[in-house]
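Accompanying notes for the structure given below.
To find a chain, count down the sequence lines: A is the first, B the second, and so on, and within it residues start at 1.
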Amino acid sequence: MVVDVLYFAWLRERIGQPREKVETEAATVRELVAQLSAMDDWHASALSDLSAVRVAVDQELADLDAPIAGAREIAFFPPMTGG
Amino acid sequence: MVVDVLYFAWLRERIGQPREKVETEAATVRELVAQLSAMDDWHASALSDLSAVRVAVDQELADLDAPIAGAREIAFFPPMTGG
Amino acid sequence: MPARVQLDPFDLGTELSGFGTGAGAVVTFTGLVRDEDGRLVALEIEHYPGMTEKALQAFGDKAAERFGLSDWKIIHRHGRLEPGEQIMMVATASRHRAAAFEGAEYLMDWLKSRAPFWKREITPDGPGEWVEAIQSDEDALSRW
Amino acid sequence: MPARVQLDPFDLGTELSGFGTGAGAVVTFTGLVRDEDGRLVALEIEHYPGMTEKALQAFGDKAAERFGLSDWKIIHRHGRLEPGEQIMMVATASRHRAAAFEGAEYLMDWLKSRAPFWKREITPDGPGEWVEAIQSDEDALSRW
């Protein structure tokens, strides 16, 4: 399947783009992260410390083991600092 | 000494006036209440249940045993309901 | 003066213009006259001129010191107020949100039972009894 | 929509006009950009269009149900904001003051660490690091 992968804040800067389309067979967020990290050093660096990364699957906060079957949009970003 | 005695809310209504000058030798609020209650039925009725009456001496909340020597203004009113 | 007692309504936007400059957090509380399911024609608020202003100023100063407020404001109306009208407002400003919230709640708890205001409801039958103080307002003070 | 994300400033008086009609208590929180002793040129706020609005709406609905709010509003700005400018506001309306205060504090605690916003400071040297989440904001959530 093809998913839109989005990046925000310093993840966007390190990876060098705000979004990309990714063809994947990953079953979970964690598997997708492994695939992305293998793409190049920028992805690997941005996703190296997962304790500093939050995830949303189809615009809902999710954890690394969340299934992504059928998902259209998966976003990676730092812990949020609104308000 | 002569003090201004003020009444608010239902105390004002029962006593029939918002303020009066009172010549008194009372040493405490409680003694002043006794003197006022002896004046007429209206005062006696308004001041009969002191648990429902609050007092300010010179515009500061005070209790019944507060001294009033040198005070210029003593006010009686129900528990406050601001906000 | 950050503490005012007045007959007229106030505009929150105007009151907060320039309020809390330099602070990170501003909290406001506005009390409005409820219509009590249409039963209420108006609320009548009496106060103790002179003492009221002093008491509000003292509450505000105390809150500013205790919670580290960089700014505060209290406006309380008196007279006849119809449903939907504002009764009063408090505003607090601080560097952080917790202090601004706490300062505003503290001021409200004090105002409710320690500032010399009294109110009664006016219904279609005329003025009713003066509103009695409620125990929960007294209890609210004990947390500070 | 009671939840909005926008570039432009907002006017608190305008936003609250008609807000909470029939309620007795309205609480607002406004977050302002601090100047950090002159060190800060601006704050830059990024968000996740689409998710942000959904998240704010979900927080508001949850708060309304939990605290019995009769009305609520959240406005959060994004883009470049200079010292003294508003960052965001929440407003809550309820019959009683405790619920209005609690609802506003709950919304703020959620917003701080669960709404998809990120900010960084721009100083005279240019954009700095993205602001890191702080533990006390995470801890604040545990009380709800």
Side chains of residues 74-83 of chain B: which donor-acceptor pairs under 3.5 Å do they make with residues two or more places apart or in other chains?
{"unit_1": "B:Thr81", "atom_1": "OG1", "unit_2": "C:Lys119", "atom_2": "N", "d": "3.2"}

Considering the options C:Trp130, C:Trp118, C:Phe117, which one meets the side chain to side chain contact (heavy atoms under 4.5 Å, CB included) requirement together with B:Phe8? C:Trp118
Can you tell which of C:Ala58, C:Gly31, C:Ala55, C:Gly50 has the highest number of heavy-atom pairs within less than 4.5 Å of chain B? C:Gly50
Top contributor to chain B interface from C:Arg120, C:Glu129, C:Met89 [non-hydrogen pairs under 4.5 Å]: C:Arg120
What do you reckon, is CG of B:Asp65 surrounded by more than 12 foreign heavy atoms closer than 6.0 Å? yes
Using heavy-atom distances under 4.5 Å, tell me whether C:Lys54 contacts chain B through its side chain, its backbone, both, or neither. side chain
Among C:Lys112, C:His78, C:Met88, C:His47, which has the most heavy-atom pairs under 4.5 Å with chain B? C:Lys112
Is it the case that over 12 heavy atoms from other parts of the model lie below 6.0 angstrom from the CH2 atom of B:Trp42? no
Give the interface residues of residues 11-35 of chain B toward chain C, defined by a heavy-atom separation under 4.5 Å. B:Arg12, B:Glu13
For B:Ala56, is it the side chain, the backbone, both, or neither that has a heavy atom closer than 4.5 Å to a heavy atom of chain C? side chain
If you tally heavy-atom pairs under 4.5 Å between each of C:Glu138, C:Glu132, C:Met108, C:Arg114 and chain B, the highest tally belongs to C:Arg114
Inspect the surroundings of CG in B:Asp49 and state if more than 12 heavy atoms from other residues, nucleotides or ligands are less than 6.0 Å away. yes
Can you confirm whether more than 12 heavy atoms, excluding those of B:Arg72, are under 6.0 Å from its CZ atom? no
